[in-house]
Amino acid sequence: MIGKTAQRQGRLFLAPTVILLLCFTIFPLLFTIALMFGEARFVGGGLRIEFVGGRNWVRLFGDERFWNALGVTVRIVAMAVSLEYLLGLGLALLLDRKLRGQAVFRVLFIVPMLLTPIAVGYMWRMIFDVGRGPITGILERLGLAPVGWLTESSVAIYSIVITDIWQWTPFMFLILYAALQAIPKDYIEAARVDGASGWQVFRRITLPLLAPASIAAVLLRTIECFKIVDTIYIMTGGGPGRSTESMTLFGYAIGFRAFDLDYGATISFSLFLAVLVSSMVFVTLTRRLREVRME
Amino acid sequence: MRWKLVVGCFLAVLGTAWGVAQTGRFAGVTITVFTQPPPYIAKPVMMFAPDWERITGAKVRLITAPWGELYPKMYSSFALGQGLFDIVIMPAAWLPDFAEAGFLVPLDDLIAKDPAIEWNDIIPVYRERIVSWGGKVYAVPMDGDSHIFYYRKDALENPEYQARFKAKYGYDLPVPPRTWKQVRDIAEFFHGWDWDGDGVMNYGVVEPRRYAGQADWCFFSRAVGYVALPGQPGGLFFDPVTMKPRINSPGHIKALEDYVEIMKFGVPGMINMDSGEVRSVFASGVAAMAIDWGDIGVISEVGKESKVKGKVGYAVLPGSMEVWNFAQNQWVTLKEPNQAGYLAFGGWVAAIDRNSKNIAAAYDFISYLSRPANSYISVTTSETGFNPYRKSHFETLAGWIGFGFGRDAAAAYLKAINDTIGHPNVQPDLRIPGAAKYFEALDAQLALVVAGQKTPKAALDEVARIWEQITEEYGRAAQLKAYRLSLGLPSP
């Protein structure tokens, strides 16, 4: 039995956390929800939110720009995260072997992840510059026509994906490399004694044992990648046209350039829902896959 | 001799007494100034605050926020009556939103009692239109903003090139060009070859075309010559009688077609350039012409990396011989090009929160910043972001020469700005509640047009549709009244 004094003390200790949580998470969330179902106007010396029901959601679902932004975001997430996983896994497997200069490679591989996305955006913007960038110079020396990496609608999204892969593959590498190091060597040695080939060891032992780390890594990157904004903002500003306008950039434009707070809040919340649904689908699918394998 | 000594002593005592009185005028008061982070715009506050603090005994606290957070933070502070900032230094376009809502202190009486501000030295368009709302003054100009036209003199004035141009186009190469048609031909002529002989490829023009990169102002700089017929107010944005958008008029469509076509003669990658990049690209010497605020002039003449110092010509924006007449609903042909200037953005202005507890001190600091001598230093110092807006800024070249301009360059630069803002048909920027929403809708469609994803007509029709929605949202009658006020027209 916990005494009343102890209960009171417990509440007292919890209070700061609860207050912080309320201030920085719950209240902003409630305010965002209020904005989504209202029309926010600064009138007569105060912020007035008039209830308008689902008007902002109707507008959202009928907004061509929203569907474009959602499509762009999903394409970036799908391409970037899957390639980051494959490359990260490849690098992790490479460094899991005994290599000369392994420690140096390990440090080098994680450097891009340590840079701020803004700096990375500027760097790749210079690299991809169609007029003065080094890639254009190389292509010209090879007698090839320059490519509008950031200036052609059909190409720009791949430039964004390349940049994201460059920066965030190290994240995948780091998690997968740590997980590889944790796999007991006995399993692999036993399999080899039983005559398993390298591919069989990888497919039947390494990969299943990496599954928990893989799921965590992919999930975390998916959530982060859905929110991609800084590199795009610097590299293309969402253009050409709307070919690289992500959900976050769209929300930023509406909320902070047009100062349309209620619609901006609706876009932000729709991004939250998109991330939530994607994550749930991913977790459910991977769980099913594991269950099927177990059976 | 004795009387001189007596007068001298008297003046000394008087001066000391005045000085002592001044020292304590606002002792113990702290005023808060809110604007964007330094250097641009905040720098003059940092430059002059120590002197003002010494004179008045007050303290200045500078609070800054990134561009995207300025408006919401100002608005929420005003609207919620928090009084977080005594002074806000903001874009002139936001003044109608704040003044209409009653958030700002009217400054007429304070200005009338303040000879030091030399109010009449401020160019009329700024002191009468940009900072006033509903017949009252709500802010003091800190910066004079207008788009001007830049060209490379060493290219356009080269006799050999002029002869070749005439042979190709059948008319003399006009220096400076006076119509957008001429600009197009000149851009084509100087595109894709090394006309300055430095071993680097040169191009016709450089202008921003990036979404959220201030390209929308460049569009209006082109449109103004096609739609701002002298004597017909409101050509650029709305019908001042019905508040119906004019953005999809044949004049605007023609301007947008030009805006897209000139990209063929632009620096590679121009579609992804914002104003900041355009400035450094022009100063790097690769482009023959550009449109910008006063910044290209400063960067070109003063910038350490500039390769075009002394080679830049300055002019008012080109225009058009054919202008869309909204009254007759048809094109009219003029005898001279219609080169109406455009006060793009309108400049930064300083205003006082009506909830401020230090209105007198706040006004005194604003006045101190804007006084002729101090503002002259601001507009002739790098990285302040302030361009000339007082008559006196144009009268003395010494400061500009000290800044790094050559004498001729300074004279030409100031003349282009002065001619623009003093033009009888100069067009102010959109100054009504929701201006940011209207501009965002336009900017988003311009991005689609330059990417080839929409035609100019389809895009501007869409803009007109969205503008109608925004007008309805804010209330047509209220917006019409505000729009007419912004144009200096009587209420409907």
Side-chain angles (χ1 to χ4, degrees), chain A residues 39-48 52 55 59 63-65 68-69 122 125-126 128-133 136 140 146-154 156 159 229 232-245 249-250 252-264, chain B residues 66-72 75-76 78-81 94 97-98 100-103 200-201 203 209-213 215 266-274 277 281 284 286 354-355 433-441 443-454 462 469-470 473-474:
Chain A
E39 184 184 324
R41 296 284 290 273
F42 289 102
V43 282
L47 176 69
R48 190 177 298 162
V52 293
R55 197 176 75 181
R59 180 179 167 191
D63 190 342
E64 184 196 323
R65 193 170 167 186
N68 172 74
Y122 274 116
R125 187 172 168 185
M126 282 191 276
F128 283 136
D129 191 296
V130 70
R132 297 158 291 173
T136 299
E140 279 175 357
V147 175
W149 296 100
L150 303 175
T151 56
E152 285 175 26
S153 304
S154 55
S159 307
V229 66
I232 298 180
Y233 182 78
I234 297 299
M235 289 174 69
T236 62
R242 289 176 192 153
S243 56
T244 57
E245 187 174 68
L249 202 57
F250 174 42
Y252 170 79
I254 297 299
F256 291 100
R257 291 197 71 233
F259 304 118
D260 198 340
L261 295 180
D262 41 81
Y263 192 43
Chain B
W67 166 260
E69 293 172 25
L70 279 183
Y71 185 94
Y75 217 133
S76 56
F78 291 150
L80 304 175
W94 298 352
D97 281 15
F98 298 158
E100 187 69 20
F103 295 155
V200 177
M201 180 72 82
Y203 306 95
R209 288 293 181 272
R210 182 184 169 101
Y211 169 67
V267 170
M270 197 170 99
I271 193 173
N272 197 27
M273 288 184 190
D274 58 20
E277 196 170 354
V281 167
S284 75
V286 296
R354 72 158 180 201
N355 292 308
K437 272 191 187 182
Y438 290 109
F439 264 72
E440 161 59 27
D443 202 19
Q445 292 296 319
L446 291 181
L448 294 177
V449 176
V450 297
Q453 294 168 11
K454 238 177 189 176
E462 177 65 5
Q469 279 179 356
I470 299 169
E473 183 190 328
Y474 278 79

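We name chains A, B, ... by the order of the sequence lines, and we start the count at 1 in each one.
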Among [options], who wins on heavy-atom pairs under 4.5 Å with chain A?
{"options": "B:Arg210, B:Lys437, B:Glu440, B:Gln453", "answer": "B:Arg210"}
{"options": "B:Gly452, B:Ala441, B:Pro433, B:Pro268", "answer": "B:Pro268"}
{"options": "B:Ile271, B:Val449, B:Leu446", "answer": "B:Ile271"}
{"options": "B:Ala212, B:Gly102, B:Gly269", "answer": "B:Ala212"}
{"options": "B:Tyr474, B:Tyr203, B:Tyr438", "answer": "B:Tyr474"}

How many angstroms lie between atom OH of B:Tyr211 and atom CG of A:Leu249, to the nearest 0.5 angstrom? 7.0 Å
Nearest 0.5 angstrom please: B:Met273 CE to A:Thr151 OG1, how far?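 Answer for the CE-OG1 pair, B:Met273 versus A:Thr151, is 9.5 Å.
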In terms of side-chain geometry, is the basic nitrogen of B:Glu462 or A:Arg65 positioned less than 4.0 Å from the acidic oxygen of its partner?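 Judged by the 4.0 Å cut-off on N to carboxylate O distance, B:Glu462 and A:Arg65 do not form a salt bridge.
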Between A:Glu245 and chain B, which part of the residue has a heavy atom less than 4.5 Å away: side chain, backbone, both or neither?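 Side chain only.
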Quick one: closest heavy-atom pair of A:Pro240 and B:Ala451, and the distance? C-CB, 3.6 Å
Students often mix this up, so state it plainly: with edges at 30° and 60°, are the rings of B:Tyr71 and A:Phe259 parallel, tilted or perpendicular? parallel
Among A:Ile254, A:Thr236, A:Thr136, A:Asp260, which has the most heavy-atom pairs under 4.5 Å with chain B? A:Thr236
From CA spacing to verdict: side-chain contact (heavy atoms from CB on, under 4.5 Å), B:Val286, A:Arg132: CA-CA 11 Å; B:Val286 296; A:Arg132 297 158 291 173; over 6 Å; no
Sort [X] into side chain, backbone, both or neither according to what part of it lies under 4.5 angstrom from a heavy atom of chain A.
{"X": "B:Ala444", "result": "both"}
{"X": "B:Glu277", "result": "side chain"}
{"X": "B:Glu473", "result": "both"}

Would B:Asn272 and A:Arg125 satisfy side-chain contact (heavy atoms from CB on, under 4.5 Å), going step by step from the backbone distance to the final call? CA-CA 10 Å; B:Asn272 197 27; A:Arg125 187 172 168 185; 4.0 Å; yes
Is there a side-chain contact between B:Asp443 and A:Arg257 in this structure, where contact means two heavy atoms from C-beta onward sitting under 4.5 Å apart? yes
Run the side-chain hydrogen bond (donor to acceptor under 3.5 Å, both in side chains) test against A:Glu39 and tell me which residues pass, sequence neighbours left out. A:Arg41, A:Arg55
